[in-house]
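Heads up, the thing below is written out as structure tokens.
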Amino acid sequence: MASSAQSSGSSGGPAVPTVQRGIVKMVLSGCAIIVRGQPRGGPPPERQINLSNIRAGNLARRAAATQPDGKDTPDEPWAFPAREFLRKKLIGKEVCFTIENKTPQGREYGMIYLGKDTNGENIAESLVAEGLAARREGMRANNPEQNRLSECEEQAKASKKGMWSEGNGSHTIRDLKYTIENPRHFVDSHHQKPVNAIIEHVRDGSVVRALLLPGHHLVTVMLSGIKCPTFRRETDGSETPEPFAAEAKFFTESRLLQRDVQIILESCHNQNLLGTILHPNGNITELLLKEGFARCVDWSIAVYTRGAEKLRAAERFAKERRLRIWRDYVPPTANLDQKDKQFVAKVMQVLNADAIVVKLNSGDYKTIHLSSIRPPRLEGDNIQDKNKKLRPLYDIPYMFEAREFLRKKLIGKKVNVTVDYIRPASPATETVPAFSERTCATVTIGGINIAEALVSKGLATVIRYRQDDDQRSSHYDELLAAEARAIKNGKGLHSKKEVPIHRVADISGDTQKAKQFLPFLQRAGRSEAVVEYVFSGSRLKLYLPKETCLITFLLAGIECPRGARNLPGLVQEGEPFSEEATLFTKELVLQREVEVEVESKDKAGNFIGWLHMDGANLSVLLVEQALSKVHFTAERSAYYKPLLSAEEAAKQRKEKVWAHYEERPVEEVMPVLEEKERSASYKPVFVTEITDDLHFYVQDVETGTQLEKLMENMRNDISSHPPVEGSYAPRRGEFCIAKFVDGEWYRARVEKVESPAKVHVFYIDYGNREILPSTRLGTLPPAFSTRVLPAQATEYAFAFIQVPQDEDARTDAVDSVVRDIQNTQCLLNVEHLSASCPHVTLQFADSKGDVGLGLVKEGLVMVEVRKEKQFQKVITEYLNAQESAKSARLNLWRYGDFRADDADEFGYSR
């Protein structure tokens, strides 16, 4: 505290008292205060100053707890008004004082002035003038100060102020209440409305004694949601402060002690009340957190009424800046890059009620545990019989419901993952198994916190932590609130109803049960199922919900590469592409809802049949991806044709299981011609593309609306979830989507990859080709693949004509055809097959004129003479047209009949 020594009037006269300064921290009574100095690196020094020459009434005092027979002492008349007079005038203000007397016990008496020097208001005189204090008995007025006190007292008496007023002053005596009979009822009766109060004492930064007005209840109030460092009481009665306890206490004292405040009572803990203290300068709870003097506490933050998220944000502010109690703080995710802290991923599998497997953009898989929640577990009466094998999914109450909730919400969907903490690996103990390192995160989809949704439905519980354990969910308060709602509403694990029982029969490998069950599944046709596990590309474990049973299911019609097997004494390696086939099946159907057609069973009790997902046959898809071959048993099935077609396409691409496939040379053998009539069955088609070798692609008019609908749905889907530019790596033979020059996306197939900037693609629904950069390509969504709607562009060639090999002549013919039939509807009839594509005749839709015959008439092509009897009539017609063109010297014939001497030069043969 500052002090200044004033020099005496003469060297021989009495010494003038030293003037000292300080800030009033507390008013003890009408005649005693505590002043403090300025803080320098910690709480400042303090001293009690008693006013000289006056006396004010004693305040009430509670009997000591160590004296059971002791009685509470009430206020003396006018004692509280005197204290309040000084409190309102002095708290937090700077005063100066002189010490006139000091007793052997160390009590100091002196004069106190408001302000920086003795010219300020004399506090003792003000008290006496208001009739709130009296001169001490026997005090003689033998100096100017005492003379002024005497005058002030006489004036107060004359004015009948304070203690000199009529009556005994009983109305100034408070009816103090030190205990509350029913704290819960007391809190509820205030309905969380602000209560006027005076802070009488600060125990530590977050616990105070408050006088509630106007009822004069003296209560202990703990700040809701936080806890400051405390003072630990030792066995000898002394107190040892925890780090920053004294600083936190001073922080609260300097702002609240003996200030007028408002308190919102929020809950109670024994005789202590939980509340929030509001001061015109702010909320002390948030300030303590922000300055690093306090930490959030879970047990009381739930009752905080002014937004728990504000408290967490204030605590986070202090943590990030490592203020005070957080000086050694290390964030749980300090070692992670930003891209590893927050990312978007696709959910591939739900492991149980608190863990999922996601696929990252890099293609890697990662297991994510939901932060701060615990899945259902066996407790109490539900402890498992040791003689019975535990099936957690079905035997633990509510585990199945929790898993199903996550499966239906998440499988195949993209989610936002925010990593909250990494729980390190822990070794096994006698009671707890070993755990590997866990990545714990908050997972959201569409703005919904999945963990919070689980807890609110009573399908998981919230983990309780030690107060200093910072490894928890970033939305921990919301989880606690969700659990409180679930308990209140009796949801799930908190329900008093009977626990749901799932009696699921496992028929896997049980030949007897499989034999009994087979006819039932065969008669059922397509049955709904959920894929629970994928053993290999063609071997799965299914759960049939209607039949409540588990079966092992083998895909029919295909031969998939065998995976690695652990046999006694050795490990059998898997066949090539077995892992790729397993991964393909997993990504496509694991934990998805599918339909199965059971055809038969094998000797081991495994069912054999067809599995469909979104209308696609998994057997066909595996063959299509060159991950499986067609088995001869497929010949008698309804899916033999699409299987063969898929296999043929895979063979042509020479990929994966067909990488070393060599096509056997076909010997050209003139077939024995059977005499039969020419079949003329024209169907409407739409010509979409003409190639340079005079082949053309058409779409079937009957399926045109299906294509239009598919394209519309596909483009809507792509606009909602546009492909990330450059994320797709094209591979020869793969189906994809490609952006055409019109800016629209179309289905396509990669034919050749020269470089990322030059990818040759074929538009499978229109027949045209293009070279594009990979940035204009993307993955074809499964819902729009060729298994949903086959490629719509079919290649054909003109029957009965020879295409000119001379480039100019061929260009003339192609230009004529393009002009006449491209992007128009025609009628098509298949005449005969060839190794490359079917040969057809094409008619104009309106005139029924033969397009090929028109080319012959214009002298643009020559006739291909065939010897089959059924074609002789049409061949004759074509030859007559050729003779007419020759006579008129049209195009090819403009120099006469060139075939005799230079047919080879022109690329023709007779």
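Values below: all heavy atoms of this structure, side chains included; hydrogens, waters and symmetry mates excluded.
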Answer yes when [X] and [Y] have at least one side-chain N-carboxylate O distance shorter than 4.0 Å, and no when they do not.
X: Glu532; Y: Arg403; result: yes
X: Asp477; Y: Arg312; result: yes
X: Arg787; Y: Glu624; result: no
X: Asp298; Y: Arg472; result: yes
X: Arg715; Y: Glu744; result: yes
X: Glu315; Y: Lys319; result: yes
X: Asp765; Y: Arg747; result: yes

Taking salt bridge (charged side-chain N to carboxylate O under 4.0 Å, His left out) as the definition, give me every residue that meets it alongside Glu575, ordered by chain and number, with sequence neighbours left out.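 None.
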Has the side chain of Arg407 got a donor or acceptor atom that lies under 3.5 Å from a matching backbone atom of Gln591?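 Checking the backbone N and O of Gln591 against the side chain of Arg407, a donor-acceptor pair under 3.5 Å is found.
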Just to verify, what does Gln625 make a side chain to side chain donor-acceptor pair (under 3.5 Å) with, not counting sequence neighbours?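 So Gln625 forms no side chain to side chain donor-acceptor pair (under 3.5 Å) with any residue.
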Do you know which of Tyr421, Trp326, Tyr329 makes side chain to side chain donor-acceptor pair (under 3.5 Å) with Asp470?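 The side chain to side chain donor-acceptor pair (under 3.5 Å) with Asp470 is passed solely by Tyr329 among Tyr421, Trp326, Tyr329.
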Any pair with a residue in residues 466-491 that passes ring pair (Phe, Tyr, Trp, His ring centres under 6.0 Å), sequence neighbours left out, goes on the list, sorted by first then second residue, please.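 Non-adjacent pairs meeting ring pair (Phe, Tyr, Trp, His ring centres under 6.0 Å): Tyr465-Tyr476.
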For His760, the option from Val750, Val753, Ile771 that meets side chain to side chain contact (heavy atoms under 4.5 Å, CB included):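 Among Val750, Val753, Ile771, the one meeting side chain to side chain contact (heavy atoms under 4.5 Å, CB included) with His760 is Ile771.
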Can you confirm whether more than 12 heavy atoms, excluding those of Glu579, are under 6.0 Å from its CD atom?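 Counting neighbours around CD of Glu579, 12 or fewer heavy atoms of other residues, nucleotides or ligands fall under 6.0 Å, so no.
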